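When a ligand or atom number is given, it counts from 1 through the structure's own listing order. Since the model is a prediction, treat every value here as computed from it, not as a measurement. Throughout, residue positions are numbered sequentially from 1 according to the sequence presented. Values reported hereafter were calculated over all heavy atoms of this structure, with side chains retained and with hydrogens, waters and symmetry mates removed.
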Amino acid sequence: MGSLGAGTAIQASYFVAAALFILGLKRMSSPVTARSGIVWAGVGMVVATLITFLTPGMGNYGLMTAAIAVGGIAAWVTGRRVAMTDMPQMIALYNGMGGGAAGAIAAVELLAGEVHGFTVLTLGVLGGLIGAVSFTGSLIAFAKLQGLVKRSFRFRGQNVVNLLILAGAAVAGAVIVVQSGGTQGHVVLLFALALLLGITMTLPIGGADMPVVISLYNALTGLAVAFEGFVLNNAAMIIAGTVVGSAGTLLTQLMAKAMNRSLANVLFSGFGETAAGGAAGPAGTLKAIETPDAAVMMGFSEKVIIVPGYGMAVAQAQHKVWELVQALTARGVAVKFAIHPVAGRMPGHMNVLLAEAGVPYDLIYDEAEINSEFETADVALIIGANDVVNPVARTDKSSPIYGMPILNADKAKNVIVIKRGQGAGFSGIENALFYLDHTRMLYGDGQAKAAELVQAVKAL
Ligand code: NAP
């Protein structure tokens with residue numbers, strides 16, 4: 001193939017890859033087509049990767065193949081093994097690699113003096129800065145969620161220090177642009193400060209906010225990749241980066257809104273740290289219930305609304321919960337699921353688990369759709385959810401979750417809560433719902449209790 005032919009083939013393949021990314025993303029917007037969407041986007045990535053080999057002057061094919069093999073095998077093995085509950089930190093890690101790759105491209109090109117022209121230089125420097133921040137920031141996010149870094153490091157004037165580091169990186173970047181490439185010293189300084197900034201920005205942020213931060217870094221990685229696409233004149237990178245950047249931005253906004261937080265508040269307030277302090281406990285007592293009584297309560301109900309949360313994911317109880325729904329439905333009970341937008345540890349966490357168990361989508365309602373229905377429900381069954389049903393979010397202005405929209409489970413005629421003990425939710429605060437007169441605690445592991453309930457309902 002001549003170089004003109006190869007050039008056209010490469011551009012055409014990038015177009016196909018980009019179309020696959022966009023169509024894949026579109027398919028991910030519905031649970032029915034989401035799995036195939038991931039496959040489509042994956043095929044797009046394979047096309048974009050393979051076509052790179054045709055690019056003239058790519059250099060060392062052996063090294064390229066080795067790098068792809070190492071990355072591909074590591075991702076395949078870890079992706080297959082990761083538990084659903086560990087998914088956020090895995091996303092953080094992979095996302096960090098994307099940011100690091102974009103940063104590395106910028107560093108190599110800038111050090112080699114290969115980036116020319118004011119606009120492309122600006123984009124290259126910005127992409128490098130953002131990519132490097134996203135790289136170390138995502139690694140810290142991973143380490144925190146994995147429990148490798150247990151505390152958040154906060155000190156007075158922290159935001160000022162971060163601002164100074166950012167200003168230093170910005171000055172180094174500006175010199176590189178103005179001096180048409182700058183010196184190698186400027187480039188090294190830019191990247192050293194950017195890598196440092198990712199660390200110092202993320203260390204003070206509490207665990208409760210980490211998923212939002214990961215989503216933000218995901219958006220930044222996309223942006224960095226798109227910017228470096230201009231440096232390499234690579235259409236696939238520009239399009240894929242833009243798609244990731246905008247999807248990540250929307251997701252970040254959605255999560256922050258569902259938690260009633262502003263992005264600035266997430267980044268600069270240290271929410272997860274102060275949350276555990278808490279005020280005096282709620283009024284009332286915790287009242288336990290045994291499985292047979294809970295089964296009678298639900299089995300003779302007209303309407304039951306199930307609220308799953310992070311604990312259902314930990315217990316992997318979704319299959320048993322679906323069996324319970326079937327047993328109740330067979331008795332003529334109307335059962336619906338109420339899903340809070342930030343139930344679990346990532347957006348769509350509960351939907352994915354319920355879909356895996358085979359729960360039909362028409363039984364699943366989001367907060368806005370179902371919240372007014374709790375008043376007509378005989379039982380709200382809470383399984384492993386905590387913060388997303390905590391009424392203090394409505395009433396207690398001093399609470400760290402005040403203002404967060406919650407599911408109105410407390411408005412149901414009866415509330416049954418399955419959880420193992422007195423464990424707090426992610427925000428670390430007590431839940432007033434558990435102490436209400438019409439609430440009963442069914443203590444135990446989510447899966448074990450759901451299985452017992454299935455038997456007990458069937459035996460009624
Ligand atoms: P949660 O508030 O974290 O509470 C989970 C509850 O599950 C705990 O109280 C725990 O109590 C119980 N549990 C744990 N393991 C269990 C098991 N094996 N069986 C039964 N129960 C078990 O969960 P949530 O109501 O789903 O709320 C999610 C939280 O994460 C919110 O604060 C949200 O803001 C935050 N968050 C979510 C996202 C997202 O995208 N989804 C993003 C950022 C932050 P025991 O220990 O007593 O069992």
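Side-chain N/O atoms of Y217 and T202 include a donor and acceptor closer than 3.5 Å.
Taking each of K449, R420, Q447 in turn, the one with a heavy atom nearest to atom 48 (O) of ligand 1 proves to be R420. Closest heavy-atom approach to atom 28 (C) of ligand 1 among the candidates L254, I214, V342, D387: V342. Between atom 42 (C) of ligand 1 and the options P211, G446, P308, the minimum heavy-atom separation is to P211. Among A424, A313, G309, G384, the residue whose heavy atom lies closest to atom 5 (C) of ligand 1 is G384.
With a 4.0 Å heavy-atom cut-off, ligand 1 is reached by the side chain of M259 but not by its N, CA, C or O. Residue contacts with ligand 1, taken as heavy atom pairs separated by less than 4.0 Å, involve M255 solely via side-chain atoms from C-beta onward.
Inclusion of V212 in the set of residues having an N or O under 3.5 Å from an N or O of ligand 1 is not warranted. Ligand 1 has no N or O atom lying under 3.5 Å from any N or O atom of V314, backbone or side chain.
The existence of a salt bridge linking E373 and K303 is confirmed by a sub-4.0 Å separation between a basic side-chain nitrogen and an acidic carboxylate oxygen. Under a 4.0 Å N-O distance rule, the pair D378/K413 qualifies as a salt bridge.
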Listed pairs under 3.5 Å, donor-acceptor, residues 75-83 side chains, sequence neighbours left out:
residue: T78; atom: OG1; partner: A74; partner atom: O; Å: 2.7
residue: T78; atom: OG1; partner: A75; partner atom: O; Å: 3.3
residue: T78; atom: OG1; partner: Y94; partner atom: OH; Å: 2.4

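For T252 (side chain) and G248 (main-chain N/O), a donor-acceptor pair under 3.5 Å exists by modelled atom type.
Residue contact annotation: R345 has a non-hydrogen atom under 4.0 Å from ligand 1.
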